[in-house]
Asks: 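Let me begin by handing over the structure; questions about it come next.
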There are 2 protein chains.
Amino acid sequence: MTDDIVASVVRQWHAVNPELDTGPMELIGRINRCAALLQQAEDAPLRAAGLTRAEFDLLGAMRRNDRELTPGELARETFSSGAAVTKRLRALQESGLIGRRSDVRDRRVAHVGLTDEGRELVDRLLPEQLAYERSVLSGLDEETRDGLSGRLSALLLHLEGRLGGSRR
Amino acid sequence: MTDDIVASVVRQWHAVNPELDTGPMELIGRINRCAALLQQAEDAPLRAAGLTRAEFDLLGAMRRNDRELTPGELARETFSSGAAVTKRLRALQESGLIGRRSDVRDRRVAHVGLTDEGRELVDRLLPEQLAYERSVLSGLDEETRDGLSGRLSALLLHLEGRLGGSRR
DNA sequence: AGCAGGTATTACACCTGTAAAACATTTCTG
DNA sequence: CAGAAATGTTTTACAGGTGTAATACCTGCT
């Protein structure tokens, strides 16, 4: 049985200070490290299409909601700041992937939607992306994968309740 | 049984395209989202001490290794670029938390170590940080927590083998 | 009309990584 | 053995992305 990075780090801490209760590290440290490795891997196929992960998230949010969204909704949907969304929308519009029109009744708000080209890109890219992710996870036995999904869902619900997650 | 964010997103995708095999999302999406929420929470107590998470990681690496490290080693230890480490070291040195001396035999390399003040800060902050993390996780039943740690360790080993993790 | 509140954008400061540069050492070669 | 080339370590320069806060604009109510 070989150690992962987090186990090595925890062992180092114990050697230096045996009093330390490193329990939370073993969970939080591993989540952070897995997320970092996965994100790094995930980004590769998107870069090939000239997109940032954040931009792809924006396109995906529009595609799966299947309607026009306002920049504010998109910011909430993708958990990022309004300013970041503004900037990304400009880039996506210049690439011809999205279009925008302003609301007739309330001229503060804009409605943003995928162009045909944008929708085609998402519909082509997402299956590729999912296949790639599947390949990264392949080799992990099924019990581990399913056990993780279920327990992460419980953790996520716990965190959403305890921290910021105001949604719907 | 209520849905987490990822489950809602997956449901939206299925409504729009039932063909999609969203399996990987349920794992990867949850890891990313948990990591985002946890990092946001984690940063709060550190900010109170005037430190970035990344800076604290640097201090922690020095403390737990219990010896002077070179900037290059610190970059590998904290998984960040050399340039980022250089910049953070300068800030930490200006705060009086670390000191540096250059190697006698090979004047390319520098050795960086905690000052007394730096060590005291880590020794005071880390238990606080761990207690805070414990409080964030409290309420999660033990089986879920342990099940997660073990399975995440398996995933982490898998990813380290498959992606970049060249260590030791 | 004026004001309170909501929406989007702009301005600014900061952090990060890639690539190039600066500097030091080791190795090769004539 | 000297000097050049290759290698290694750190720092600097630059470009890009992000969030906070300030700004511009709009609506709806009093």
Asks: Checking R88(A) against S80(A): is there a side-chain donor and acceptor pair closer than 3.5 Å?
Replies: yes
Asks: Rounded at 0.5 Å granularity, tell me how far CG in L159(B) sits from CG in L37(A).
Replies: 5.5 Å
Asks: Would you kindly give the CD-to-P distance between Q40(A) and dT16(C), to the nearest whole Å?
Replies: 15 Å
Asks: Whole angstroms only, please: what is the CZ-P distance between F79(A) and dT18(D)?
Replies: 16 Å
Asks: So how far is it from L137(A) CG to H158(B) NE2, rounded to the nearest 0.5 Å?
Replies: 6.5 Å
Asks: Between L51(B) (CG) and dC15(C) (P), how many Å, whole number?
Replies: 12 Å
Asks: Should R47(A) be listed as having a side-chain N or O under 4.0 Å from OP1 or OP2 of dG17(C)?
Replies: no
Asks: So what does R53(B) touch, heavy atoms closer than 4.0 Å: a base, only the sugar-phosphate, or nothing?
Replies: nothing
Asks: Considering only side-chain heavy atoms of A83(A), which listed nucleotide, dG19(D), dT10(D), dG5(C), is closest?
Replies: dG19(D)
Asks: Quick one: label T52(B) by what it contacts on the DNA or RNA (base, sugar-phosphate, nothing), any heavy atom closer than 4.0 Å.
Replies: nothing
Asks: By nearest heavy atom, map H111(B) and S81(A) onto DNA chain D; which one lands nearer the 5' end?
Replies: H111(B)
Asks: Using heavy atoms and a sub-4.0 Å distance, could you list which residues of residues 87-99 of chain B are near DNA chain D? By number, please.
Replies: R90(B)
Asks: If you only use heavy atoms from C-beta on, which nucleotide in dT16(C), dT9(C), dT25(C) is closest to the side chain of A54(B)?
Replies: dT16(C)
Asks: Tell me the interatomic distance from F56(B), atom CZ, to dC15(C), atom C1', rounded to whole angstroms.
Replies: 19 Å
Asks: Can you tell me how far C1' of dT7(C) sits from CG of L74(A), to the nearest Å?
Replies: 13 Å
Asks: State whether E143(A) and R151(B) are salt-bridged, where the test is any N-O pair (Lys NZ or Arg NE/NH1/NH2 against Asp/Glu carboxylate O) under 4.0 Å.
Replies: yes
Asks: Output the rounded distance in Å from CG (D106(A)) to P (dT27(D)).
Replies: 6 Å
Asks: Under 4.0 Å between a side-chain N/O of T70(A) and OP1 or OP2 of dA8(C), yes or no?
Replies: yes
Asks: By nearest heavy atom, map S80(A) and E73(B) onto DNA chain D; which one lands nearer the 5' end?
Replies: E73(B)
Asks: Using side chain to side chain contact (heavy atoms under 4.5 Å, CB included), reason through L51(A) and L125(A) one step at a time and then give a plain yes or no.
Replies: CA-CA 10 Å; L51(A) 285 178; L125(A) 233 49; 3.9 Å; yes
Asks: Round to the nearest Å and state the distance from R105(B) atom CZ to dG8(D) atom P.
Replies: 19 Å
Asks: Provide, to the nearest angstrom, the distance between the CZ atom belonging to R108(A) and the P atom belonging to dT7(C).
Replies: 6 Å
Asks: Counting heavy atoms from C-beta on, name the nucleotide in dT25(C), dT10(D), dG19(D) closest to the side chain of T86(B).
Replies: dT10(D)
Asks: Compare every heavy atom of A154(A) with every heavy atom of L140(B), then report the nearest pair and how far apart it is.
Replies: CD1-O, 4.3 Å
Asks: Are any side-chain N or O atoms of S153(B) and backbone N or O atoms of S149(B), one a donor and one an acceptor, separated by less than 3.5 Å?
Replies: no
